[in-house]
Peer 1: 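Can you read through this structure? Questions will come right after.
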Amino acid sequence: MISGMSHYSQLLIWLVLLVISCVLVNCTELTLELEDNARQCFYEDVKKGTKVTLEFQVITGGNYDVDVTLYDPKDKPIYTVQKKQYDSHTTTAEEDGTYKFCFSNEFSTFTHKTVYFDFQAGDEAPLTKSMGSHHTALTQMETACVTIHENLKIAIDYQTHHRLRESQGRDVSEYLNERVQWWSIGESILIVIVGICQVFILRNFFAERRSNI
């Protein structure tokens, strides 16, 4: 019973932290399946002067690469990379409007990709209204709250990257396991064929000797 409560408590804490982080900052964090010869785009309304950060990483598929392009409201590309496994780009919106970022796997003919991305727009709001209104030094309690909050954000970020690396490592392990499995099956079939051929050769050899006698 205690272990069950601990598990649910950890899950609840994780969900609360995720909701808080996405409320304080306008963020989009998703994992998508990008099929071969496919292209997917996402849209976000951003105000002028807002800091925009786009981070992505290919988790599974092929050579773990993808094309990424970020467009401004006039559909002008402001950030473009080709066949990249992971990257992060930060810029400041120069005008109000809908910004678009697209992931392309059009160069791949056979393999589909799994892509994780995190899109954040805007700076994080202060924890309390008092922290954002007054210009005096923070109290000891406020300083401790800010420190804890920053450490929690770092922990969440580390956990996210560890999950991505774990997924990528599991995909590589499953791929190697499949290759070893098929190689073992091929070797077993070859050994059986060689054994059958040896039996027939030996039988023919002794049959020819009996006929000569």
Side-chain angles (χ1 to χ4, degrees), residues 10-34 38-61 64-105 113-133 138 142-168:
Q10 293 177 0
L11 180 60
L12 180 61
I13 292 174
W14 171 257
L15 292 176
V16 170
L17 291 176
L18 183 60
V19 170
I20 291 176
S21 62
C22 287
V23 169
L24 294 178
V25 181
N26 187 14
C27 67
T28 302
E29 186 175 358
L30 293 174
T31 301
L32 62 97
E33 288 284 343
L34 193 61
R39 185 172 186 264
Q40 293 190 27
C41 296
F42 300 85
Y43 303 84
E44 188 73 29
D45 293 331
V46 181
K47 295 183 178 181
K48 182 179 179 180
T50 302
K51 185 175 69 172
V52 175
T53 300
L54 174 61
E55 181 181 3
F56 69 92
Q57 180 175 349
V58 182
I59 304 174
T60 62
Y64 303 96
D65 53 357
V66 71
D67 296 342
V68 182
T69 306
L70 176 63
Y71 299 90
D72 63 6
K74 296 181 180 178
D75 208 25
K76 177 182 177 182
I78 56 179
Y79 166 73
T80 302
V81 290
Q82 295 181 346
K83 295 184 177 181
K84 196 85 170 182
Q85 178 180 355
Y86 59 89
D87 198 12
S88 178
H89 177 74
T90 301
T91 185
T92 301
E94 297 182 354
E95 55 183 321
D96 297 341
T98 302
Y99 285 73
K100 177 177 69 173
F101 53 99
C102 300
F103 300 91
S104 174
N105 193 31
K113 311 290 176 60
T114 303
V115 183
Y116 161 85
F117 72 88
D118 181 14
F119 185 85
Q120 298 183 1
D123 295 325
E124 184 175 349
L127 297 179
T128 62
K129 295 182 179 180
S130 60
M131 291 183 183
S133 59
L138 298 177
E142 291 175 340
T143 303
C145 292
V146 171
T147 303
I148 295 174
H149 180 65
E150 293 296 330
N151 291 335
L152 288 175
K153 288 198 303 180
I154 295 174
I156 293 174
D157 186 62
Y158 274 121
Q159 289 177 353
T160 301
H161 288 286
H162 279 302
R163 288 200 307 273
L164 295 177
R165 284 194 290 267
E166 187 270 336
S167 299
Q168 185 175 358

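From a predicted model like this one, the values you see are computed outputs, not experimental measurements. Atom set for the values below is all heavy atoms of this structure, side chains included, hydrogens, waters and symmetry mates excluded.
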Peer 1: If every non-hydrogen atom of Asp65 is compared with every non-hydrogen atom of Lys83, which pair is closest and at what distance?
Peer 2: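 So the minimum-distance heavy-atom pair works out to CB-C, 3.5 Å.
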
Peer 1: Go through the structure and list residues passing side-chain hydrogen bond (donor to acceptor under 3.5 Å, both in side chains) with Thr91, not counting sequence neighbours.
Peer 2: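 For Thr91 there are no side-chain hydrogen bond (donor to acceptor under 3.5 Å, both in side chains) partners, ignoring immediate neighbours.
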
Peer 1: Which heavy atom of Lys84 sits nearest to which heavy atom of Phe56, and what is that distance?
Peer 2: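 Where Lys84 meets Phe56 most closely, the heavy atoms are O-CE1, 3.8 Å.
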
Peer 1: Before giving the answer on side chain to side chain contact (heavy atoms under 4.5 Å, CB included), spell out for Val115 and Asn105 the whole-Å C-alpha distance, their side-chain angles and the decisive distance to 0.1 Å.
Peer 2: CA-CA 10 Å; Val115 183; Asn105 193 31; over 6 Å; no

Peer 1: Quick one: list whatever passes side-chain contact (heavy atoms from CB on, under 4.5 Å) with Tyr86, sequence neighbours left out.
Peer 2: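 Gln57.
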
Peer 1: Return the set of residues passing ring pair (Phe, Tyr, Trp, His ring centres under 6.0 Å) with Tyr79 (not counting sequence neighbours), or none when no residue passes.
Peer 2: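 By the ring pair (Phe, Tyr, Trp, His ring centres under 6.0 Å) rule, Tyr79 matches His89.
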
Peer 1: Taking all heavy atoms of Pro77 and all of Thr69, pick out the closest pair and write down the distance.
Peer 2: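 Looks like CB-CG2, 3.8 Å.
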
Peer 1: Should the ring pair Phe42 and Phe117 be called parallel, tilted or perpendicular, given that the plane angle runs from 0 to 90° and is split at 30 and 60?
Peer 2: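 Phe42 and Phe117: tilted rings.
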
Peer 1: Would you list the pairs meeting salt bridge (Lys or Arg N to Asp or Glu O under 4.0 Å) in which at least one residue belongs to residues 66-82, sequence neighbours left out?
Peer 2: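 Of all non-adjacent pairs touching residues 66-82, those that pass salt bridge (Lys or Arg N to Asp or Glu O under 4.0 Å) are Asp75-Lys100.
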
Peer 1: Among residues at least two apart in sequence or on other chains, which ones pass side-chain contact (heavy atoms from CB on, under 4.5 Å) with Thr114?
Peer 2: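 Testing Thr114 for side-chain contact (heavy atoms from CB on, under 4.5 Å), a comparison that skips the adjacent residues, returns Thr31, Glu33, Ile59, Thr60.
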
Peer 1: Could you tell me which non-hydrogen atom of Ala93 sits nearest to which non-hydrogen atom of Val46, and how far apart they are?
Peer 2: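 So the minimum-distance heavy-atom pair works out to CB-CG1, 3.7 Å.
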
Peer 1: Sequence neighbours left out, what passes side-chain contact (heavy atoms from CB on, under 4.5 Å) with Glu94? Give chain and number order.
Peer 2: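 By the side-chain contact (heavy atoms from CB on, under 4.5 Å) rule, Glu94 matches no residue at all.
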
